[in-house]
**Student:** 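Sharing a structure below in structure tokens format, with a few things to ask.
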Amino acid sequence: MEEEQELTTGIGQGIDYRDMVENLPHLVAVFLPDTTTAYANRALASFFGTTPEELRGRRWLTSLPDDEQAAIRRFLAGFTPENPLHFYQNLVERADKDPRWIEWTVQATFDASGRLRYFQSMGLDITERKLAQQALQQREHELAEAQRIAHLGNWISDFTRNEIRWSDEVYRIFGLNRSQWGATHEAFMQAVHPDDRERVQAAVDEALAGAAYDIEHRIVRPSGDVRTVYQNGVVDFDSDGTPLRMVGIVHDITEHRQAEERLMYLSYYDSLTGIPNRNYLLERIDQAIMRANQQNHAFALLHLDLDRFRTINEGLGHATGDTLLRLAAERLGDAEEGGELLARLGGDEFCLLVENITDSFQAATVARRLLAPLRTPFEVARQSFYLPGSVGIALYPRDGRDPGSLLRNAESAMYQVKRDGGNAYRFYSREMNESTLEQVALEGQLIRAVERLRGFRLEYQPKVEMGSGRIVGAEALLRWTRPDGVELPPAAFIPVLEQTGLIVELGRWIITEACRQVRAWGEQGLPMVPVAVNLAAPQFRHRGVAETVKAILNETALPPHLLELEVTESMLMTDVPDVVRTLNRFRELGVRIALDDFGTGFSSLAYLRRLPIDTLKIDRSFVNDLHNDAAGEPIVLAILSLASSLSLQTVAEGVETAHQHSFLRRHGCDLAQGYLFSKPLPPDGFAELLKSHPG
């Protein structure tokens, strides 16, 4: 052991370190604090194309450019006894003018008092390494630039460290900087749009189970800006199947999606007017056909063309024509109702799709609504333009079973309107045109009849008390005779009155006439029995209906309890709070309220209890079924039981047989009306009935 130590010491003492330094391939120098060279090896002298002797005593700092001198002075000033070793890199020009990168390892030597004595430095030529680093940095820069241009970033999720590393572009896409980013899966999920988080987490979980990670979702930047991104990634697993990391890309596709949406808009919407175009309409017609076949209903296509547009467009130019088309589209759009679709077919042609059409008269009503706003002149550039329209109507399935044939037939009907002078509508089917013309004629007759209150009268059907047979009330029923002397059944004209709104104006006359008649019977010494008057839906929903009834009662001086207003279940099934307010207003007036046709509207007990009503009227369809083994009996029994539990009076309509009367009386029905007792009578006939059945 001692021999080995002596041998090591001897060898160490025998080494010529100066010779070793002289022969090193690295650049070695010793210099004083003022940068005067005290020693330079041969490699350093050779590098600069000189000799060690020539370098010795030279202040090498003064040979450098000013900015380099300042940088090195700052570097040398940083040495202290506690921190004597530093590294420095700079670009140095070799004797052959070849610039080389040198990395200097510099160590300062201090004396016992801490005074700087000299520096020892060794330089390594790192040019190739530096160039490789620069090339790598350039590639990374180019990659980052490519990612920025493509809005495409890459990321790595390290599951062992629970951290995610993002490229610079990912930070830009997410609108975050490194200090804002938590670098964890939880931090990433916070950036995902709240509505997409569950879906994104499910995709991650599936990827960790071996599925592909391929998903499009939204993110929310700190600014609140919402972006759409596409992500794709793969998971690396160890030999046991444990996920180690997940590598993937994120692509900001917001502008791409916006462009797609814009393209979709241009594909389905008219660029001039902003409303749907022919493509959109054709798809909607296909859907309407499917629904119509499934639900067994019809729908209508109304093809509208603007009259006189071509003359204006050619005479005043396309700018004026385009303005008129936009204004026309706005007016037609305002006339469009819920569930309908207005589209521009091209030029000055438009089409309205109306689903759930029940009959041709309903389609005609829509056509009139569509044409009405076009009859007001358009104002463009201080000029007025009269631009009415022509409408052709095709009904599915009668006038075609595919979009093409329906559009062709509606267009054909429209051109027929134009040939006849325009500013009107026509059905494709001649038979329907004739039927609609009859309806239009009837509507015109009713308008004139209501304006003059001509041809209308009331008849009265008695209500009979089941137990005693006494007449205890009457229902006022509207009748109308046309100007040609033909009396129409109520089912033929009352729906027209309701659809046109004429029933609101005529309804006031009906209530007034019924109240006056009850007063007249009293003045004749006859019993003043309560009279029931049916309210149509437009009347009931009309603002001020309660005030109208109050005014009529004051005008006729009829005690309110002698007036009963009948409403149907279907009228009460929408806007329940408003319905209840109106019924309560009637109740405050002292007027009685009856629920007509009960059992046909599917009212529930809970719903019925909310309504302030006095009477339930059993629909005649149930009374008609009151015969042996009929299904009507349990329904009537259920209604009677329900009325009894709610303390409501019951009236059976359409009683025509002794069996019906007996059944109803036996099971507690209060009142009945029908041909078994009397048909509806004119006022004088009802007065005679009152005389023959004294109370």
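Below, each value reflects all heavy atoms present in this structure, side chains not excepted, and no hydrogens, waters or symmetry copies.
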**Student:** Between CG of L116 and OG1 of T109, what distance do you get to the nearest 0.5 Å?
**Tutor:**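 One finds 8.0 Å between CG of L116 and OG1 of T109.
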**Student:** If the plane angle is over 60° it's perpendicular, under 30° parallel, otherwise tilted; pick one for W155 and Y213.
**Tutor:**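 Answer is perpendicular, since the angle exceeds 60°.
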**Student:** Considering only NZ, NE, NH1 and NH2 on the basic side and carboxylate oxygens on the acidic side, decide whether R291 and E355 come within less than 4.0 Å.
**Tutor:**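 Salt bridge between R291 and E355, a charged N being under 4.0 Å from a carboxylate O: yes.
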**Student:** Calculate, to the nearest 0.5 Å, the distance between atoms CZ and CD1 belonging to R165 and I156 respectively.
**Tutor:**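 The distance works out to 5.0 Å.
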**Student:** Using the ring of each side chain (for Trp, its six-membered ring), is Y396 parallel, tilted or perpendicular to F299, with breaks at 30° and 60°?
**Tutor:**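 Y396 and F299: parallel rings.
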**Student:** Given E206 and L208, is the side chain to side chain contact (heavy atoms under 4.5 Å, CB included) satisfied, shown in steps?
**Tutor:** CA-CA 5 Å; E206 291 172 4; L208 295 179; over 6 Å; no
**Student:** Quick one about T37 and R58 (side-chain donor to acceptor, distance below 3.5 Å, no hydrogens or angles considered), yes or no?
**Tutor:**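 The criterion, which ignores hydrogens and geometry beyond distance, is not satisfied for T37 and R58.
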**Student:** Indicate whether any N or O donor in one side chain lies under 3.5 Å from an N or O acceptor in the other, for T36 and D34.
**Tutor:**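 There is such a pair (donor and acceptor under 3.5 Å, judged by atom type) between the side chains of T36 and D34.
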**Student:** Identify whether NZ of Lys or CZ of Arg in R331 sits under 6.0 Å from the centre of the six-membered ring of F378 and within 45° of that ring's axis.
**Tutor:**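 Because its charged atom sits under 6.0 Å from the ring centre and within 45° of the axis, R331 does stack over F378.
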**Student:** Let me confirm one number: the CD-CG distance from Q295 to N356, rounded to the nearest 0.5 Å.
**Tutor:**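 If I round to the nearest 0.5 Å, the distance is 6.5 Å.
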**Student:** Any salt bridge between E340 and R369, counting N to O under 4.0 Å?
**Tutor:**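 Yes, charged N to carboxylate O under 4.0 Å.
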**Student:** Can you find a pair of side-chain heavy atoms, one from F385 and one from T320, that are under 4.5 Å apart?
**Tutor:**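 They are in side-chain contact.
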**Student:** Quick one, E93 with K97, criterion salt bridge (charged side-chain N to carboxylate O under 4.0 Å, His left out). Give me CA distance, side-chain angles, the key distance, then yes/no.
**Tutor:** CA-CA 5 Å; E93 192 175 79; K97 305 300 183 181; 3.8 Å; yes
**Student:** Less than 4.5 Å apart, side chain to side chain, heavy atoms only: is that true for L325 and F309?
**Tutor:**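 Heavy-atom side-chain distance check passes, below 4.5 Å.
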**Student:** Under the side chain to side chain contact (heavy atoms under 4.5 Å, CB included) rule, what do F350 and D305 come out as? Steps first, then yes or no, please.
**Tutor:** CA-CA 6 Å; F350 299 84; D305 186 270; over 6 Å; no
**Student:** Got L352 and L304 here, is their nearest side-chain heavy-atom distance under 4.5 Å?
**Tutor:**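 L352 does not reach L304 side chain to side chain.
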**Student:** Kindly determine whether I219 and H193 satisfy side chain to side chain contact (heavy atoms under 4.5 Å, CB included), including the steps that lead there.
**Tutor:** CA-CA 5 Å; I219 61 172; H193 193 287; over 6 Å; no
**Student:** Going through the checks in order, is the side-chain hydrogen bond (donor to acceptor under 3.5 Å, both in side chains) test met by N90 and W101?
**Tutor:** CA-CA 6 Å; N90 65 343; W101 279 97; over 6 Å; no
**Student:** Is it true that Q107 and Y118 share a donor-acceptor pair across their side chains at a distance under 3.5 Å?
**Tutor:**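 Note: Y118 and Q107 side chains miss the donor-acceptor criterion.
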**Student:** How close do R218 and T228 get, heavy atom to heavy atom, and via which atoms?
**Tutor:**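 That closest heavy-atom pairing would be CG-OG1, 4.0 Å.
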**Student:** Any side-chain donor paired with an acceptor under 3.5 Å for N277 and D270?
**Tutor:**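 Side chains of N277 and D270: no pair found under 3.5 Å.
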**Student:** Would you say Q89 and E103 are linked by a side-chain donor-acceptor pair, where the criterion is simply a distance under 3.5 Å?
**Tutor:**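 Side chains of E103 and Q89: pair found under 3.5 Å.
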**Student:** Are more than 12 heavy atoms, taken from residues, nucleotides or ligands other than R278, located less than 6.0 Å from that residue's CZ atom?
**Tutor:**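 12 or below, so no.
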**Student:** Do the side chains of D111 and R117 get close enough for a salt bridge, i.e. N-O under 4.0 angstrom?
**Tutor:**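 No salt bridge links D111 with R117.
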**Student:** Without hydrogens or angle criteria, can the side chains of Y230 and D252 be said to hold a donor-acceptor pair below 3.5 Å?
**Tutor:**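 No donor-acceptor contact under 3.5 Å links the two side chains.
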**Student:** Before accepting this row, confirm whether a basic side-chain N of the pair D168/R178 lies closer than 4.0 Å to the acidic partner's carboxylate O.
**Tutor:**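 Judged by the 4.0 Å cut-off on N to carboxylate O distance, D168 and R178 do form a salt bridge.
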**Student:** Taking R100 first and then D98, would you say they form a salt bridge - that is, a charged N and a carboxylate O separated by under 4.0 Å?
**Tutor:**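 So R100 pairs with D98 through a salt bridge.
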**Student:** Say whether E283 and N279, considering side chains only, have a donor N or O and an acceptor N or O under 3.5 Å apart.
**Tutor:**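 Side chains of E283 and N279: no pair found under 3.5 Å.
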**Student:** So if I apply the side-chain contact (heavy atoms from CB on, under 4.5 Å) rule between L281 and each of D286, L341, L342, which one comes out positive?
**Tutor:**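 Looking at D286, L341, L342, the match for L281 under the side-chain contact (heavy atoms from CB on, under 4.5 Å) is L341.
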**Student:** Tell me yes or no: between the side chains of Q201 and H185, is some donor less than 3.5 Å from an acceptor?
**Tutor:**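 Checked: Q201/H185 side chains pair up, N/O donor to acceptor below 3.5 Å.
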**Student:** Does any non-hydrogen side-chain atom of Q231 lie less than 4.5 Å from one of H251?
**Tutor:**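 A side-chain contact is absent here, since even the closest heavy-atom pair is not under 4.5 Å.
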**Student:** When the ring planes of H217 and F188 are compared, do they come out parallel, tilted or perpendicular, using 30° and 60° as the limits?
**Tutor:**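 Perpendicular: the ring planes of H217 and F188 meet at over 60°.
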**Student:** What's the verdict on side chain to side chain contact (heavy atoms under 4.5 Å, CB included) for F47 and I102, showing C-alpha distance, side-chain angles and the deciding distance?
**Tutor:** CA-CA 11 Å; F47 184 89; I102 306 298; 4.2 Å; yes
**Student:** Decide if the gap between the ring center of W166 and the ring center of Y171 is smaller than 6.0 angstrom.
**Tutor:**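 Here the rings of Y171 and W166 have centres that are less than 6.0 Å from each other.
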**Student:** Are any non-hydrogen side-chain atoms of V380 and Q383 less than 4.5 angstrom apart?
**Tutor:**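 The answer is no, as the side chains (C-beta and beyond) never meet within the 4.5 Å cut-off.
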**Student:** Please say whether more than 12 non-hydrogen atoms of neighbouring residues, nucleotides or ligands are located less than 6.0 Å from CZ in R310.
**Tutor:**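 Counting other residues, nucleotides and ligands, CZ of R310 stays at 12 neighbours or fewer.
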**Student:** Scan D236, D158, D238 and name whichever one has a salt bridge (Lys or Arg N to Asp or Glu O under 4.0 Å) with R245.
**Tutor:**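 The single option meeting the salt bridge (Lys or Arg N to Asp or Glu O under 4.0 Å) with R245 is D236.
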